[in-house]
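To find a chain, count down the sequence lines: A is the first, B the second, and so on, and within it residues start at 1. Only this structure's heavy atoms are used, side chains among them; waters, hydrogens and symmetry mates stay out.
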Amino acid sequence: MTKPNDFILNSDYATLKNDANGNVTVTLPASFSISGGGIAIYRNTIALGSRGSSFRAYIYSPSTTYNFVGEYYVNTLLNAGIVSGSTVDVDIFVYVYRSSPTEVGLTVKIPNAYGSTMTLPSMGQSFTSHIATFLPPVP
Amino acid sequence: MNPSDFNLNSDYPLDKAILLWQGTFDFVGSELFNHGLSYIPLIKIVWSLTADFAQTYGLGNGPDTSSPFTPFTPQLIDSWADSTSVNAIFGTPGSTPLVYVRVYGFMPSNINNEAAATASSADNLVLNTDYNYSKLYLSGITASSSVSSSTETVNHSLGYIPQTDVWYDVSGSIHCLPGVVMYNSSYQSEAAIVSTSQLQMLRSPYLSSAERFHYRIYADRMP
């Protein structure tokens, strides 16, 4: 056996083949409503990579100006929703996943766990994921 | 010379996977497999509901549901390696009997051990100039601290946003970093932020023991 860290390249060890990279953005409407017990899902997909490929991803939002390393972003926005005339907190789930053998999707999901319609009057946010895909080293 | 202009560049090491595994998991316990290594590897995980991995998910997400109470079913909540095994915890499996999982792993930067070959059969090219290979620019392990919400900063000074992988190392386990959880834009979990000049790694606000980070910064740009 050899020590892989002694080598720049070594064909004894599987490596990651970067087969594609791209960006995908989801922009929420400025205002919208979610029925009681429902979920609002906003999703965009791009053709990127191949079946089973893993990826490195960042999630960026202009509201934070940060590129977060990872495939998953969750934030609770205080008093961003209105249910039956009262303000409520709103959970936002943002995540990256391979939606088909040839496409990667960025999804923004907002659940309404209340029994009545939730209105979100000021939600014109956008989220962008920067993604690099890799052929799986697992055969 | 800009290393990101090259598919391969002998100035920069390529990733070498010292651990490869593919199997199923039926949500019983948390152990996926015994890795048999004398050190804790840095793992990456991909999973699917189908054996052909047509749709795949990572950490923190899974198939959508129509319930506002359980946004994903199942959901991969955490994945980590310890001194003996590679593990995963899934939440809300629902009626799903099992999931298909692929794991690959790297040697931490402070380890330089011998490793068994992981390259597959001669029919599959390990190196192929049709593809770009991430060129490892900087890797390391941060200092360890038990100060909640403290930050470790690594200056890469590349002038662009590079590809990066980060793991957090706490209580004898090295965990994949899934992303970030926030409440009113206040951090509720570990996080890593990358810019054109730095990688910042934030410790959990709920630390109960010392935590450090493993990082791999590549010369390759993110789009």
Portion of [X] that has a non-hydrogen atom of chain B nearer than 4.5 angstrom:
X	answer
A/V96	backbone
A/A57	backbone
A/N112	backbone
A/I92	neither
A/D89	side chain
A/I59	neither
A/F93	side chain

ask   = What heavy-atom pair brings B/Q75 and B/G60 nearest, and what distance separates the two atoms?
value =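 Of all heavy-atom pairs spanning B/Q75 and B/G60, the closest is NE2-O, 2.9 Å.
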request  = Can you see which heavy atom on A/N67 is nearest to which on A/Y60, and at what distance?
outcome  =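 Closest approach of A/N67 to A/Y60: OD1-CB, 3.4 Å.
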message = Under a 4.5 Å cutoff for heavy-atom pairs, which residue among A/K3, A/H130, A/R56 has the most contacts with chain B?
response =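 If we count pairs closer than 4.5 Å to chain B, A/R56 comes out on top.
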key: Residue selection (most heavy-atom pairs with chain B, distance under 4.5 Å) from A/S50, A/G70, A/A113   =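 Most heavy-atom pairs under 4.5 Å with chain B: A/A113.
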message = For the residue pair B/K44 and A/F55, would you count it as a cation-pi contact if the rule is NZ or CZ under 6.0 angstrom from the ring centre and within 45 degrees of the ring axis?
response =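 The answer is no, since B/K44 fails at least one limit relative to A/F55.
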request  = Using the six-membered ring wherever Trp is involved, compare the ring planes of B/W21 and B/F33 and label them parallel, tilted or perpendicular (cut-offs 30° and 60°).
outcome  =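 B/W21 and B/F33: parallel rings.
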query = B/H175 vs B/W80 aromatic rings, parallel, tilted or perpendicular, using cut-offs 30° and 60°?
reply =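 If you compare the ring of B/H175 with that of B/W80, the planes turn out parallel.
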request  = Apply the test ring pair (Phe, Tyr, Trp, His ring centres under 6.0 Å) to residues B/F90 and B/F25: give CA-CA distance (whole Å), side-chain angles for both, the deciding distance (0.1 Å), then the verdict.
outcome  = CA-CA 10 Å; B/F90 285 81; B/F25 183 65; 5.7 Å; yes
Check whether [X] gets within reach of chain A through its side chain, its backbone, both or neither, counting any heavy atom under 4.5 Å.
X	answer
B/S185	both
B/I161	side chain
B/Y187	side chain

task = State which residue, out of B/Y57, B/W47, B/F53, fulfils the ring-ring contact (aromatic ring centres under 6.0 Å, His included) condition with A/Y97.
result =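 Of B/Y57, B/W47, B/F53, ring-ring contact (aromatic ring centres under 6.0 Å, His included) with A/Y97 is met by B/Y57 alone.
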